[in-house]
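Hydrogens, waters and symmetry mates play no part in the numbers below; they use all other heavy atoms, side chains included.
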Amino acid sequence: QVQLVESGGGLVQAGGSLRLSCAASGRTFSRYAMGWFRQAPGKEREFVAAISASGGYTDYADSVKGRFTISRGNAKNTMYLQMNSLKPEDTAVYYCAAAKTVVAGRESYDYDYWGQGTQVTVSS
């Protein structure tokens with residue numbers, strides 16, 4: 001069982017930056033692929049970024065490529081999402097997720113554990 005807790009959300013102006021963190025419990029964090037998803041009001045949850053268990057492979061949605069960076073610190077059981085050049089359309093609740101595989105895909109069903117989410121609001 002893995003418990004995930006997101007932090008770092010908040011209100012920021014367009015063009016600004018935020019860094020989200022996802023802290024994981026347990027001693028097997030380094031065995032899990034991890035991902036970030038987001039859900040805006042009235043919309044379905046969508047893939048944002050993913051990182052392999054080792055951190056050697058990353059994947060990004062086209063809408064965030066070049067602006068967001070996913071990373072992880074296995075020694076700290078923590079995953080990060082650095083978000084730069086934020087846009088109002090990035091406003092959403094951001095969720096971290098863990099998959100019991102070394103590489104995970106872009107679908108929600110690829111992931112086994114989910115955090116409660118953190119709100120990111122970008123004002124224009």
For F29 and G73, the nearest pair of non-hydrogen atoms, with its separation, is CE2-O, 4.1 Å
Problem - Partners meeting side chain to side chain contact (heavy atoms under 4.5 Å, CB included) with S123 (sequence neighbours left out) - result: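 Listed in chain order: L11, Q13.
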Original post:
Which residues satisfy the side chain to side chain contact (heavy atoms under 4.5 Å, CB included) test with K65, sequence neighbours excluded?
Top reply: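 Expected list: Y60, D62.
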Residue pairs involving [range] (criterion disulfide bond (SG atoms under 2.5 Å apart); sequence neighbours excluded):
| range | result |
| --- | --- |
| residues 57-87 | none |
| residues 55-124 | C22-C96 |
| residues 38-77 | none |

Atom pairs and distances, side-chain donor-acceptor, residues 45-57, under 3.5 Å, sequence neighbours left out:
unit_1, atom_1, unit_2, atom_2, d
E46, OE2, R38, NE, 2.6
E46, OE2, R38, NH2, 3.1
S52, OG, G55, N, 3.4
S52, OG, G56, N, 3.2
S52, OG, Y57, N, 3.0
S54, OG, G56, N, 3.2

- Residue pairs, two or more places apart or on separate chains, that pass salt bridge (Lys or Arg N to Asp or Glu O under 4.0 Å) and touch residues 4-13: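 Listed once each, the pairs would be none.
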query: Who passes side chain to side chain donor-acceptor pair (under 3.5 Å) against Q39, sequence neighbours left out?
result: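 Q39 satisfies side chain to side chain donor-acceptor pair (under 3.5 Å) with no other residue.
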### Task
Return yes if some donor-acceptor pair links the side-chain N/O of T91 with the main-chain N/O of V122 below 3.5 Å, else return no.
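Yes, T91 side chain to V122 backbone: donor-acceptor pair under 3.5 Å.
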- Task: Without swapping roles, check the side chain of T118 against the backbone of G9 for a donor-acceptor pair under 3.5 Å.
- Result: yes
In short, side-chain hydrogen bond (donor to acceptor under 3.5 Å, both in side chains) pairs touching residues 71-87 with sequence neighbours left out are S17-N84, R72-N74, Q82-N84
Residues 96-115 vs side-chain hydrogen bond (donor to acceptor under 3.5 Å, both in side chains), sequence neighbours excluded, gives D59-R106
Practice task
Evaluate side-chain contact (heavy atoms from CB on, under 4.5 Å) for L81 paired with T69, printing each intermediate quantity in order.
Solution key: CA-CA 6 Å; L81 185 68; T69 302; over 6 Å; no
Margin query: Tell me whether E89 at atom CD has more than 12 heavy atoms from other residues, nucleotides or ligands lying less than 6.0 Å away.
Written below: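 More than 12 within 6.0 Å, yes.
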The criterion is salt bridge (charged side-chain N to carboxylate O under 4.0 Å, His left out); which residues satisfy it with R67, sequence neighbours excluded?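 Here the qualifying residues are D90.
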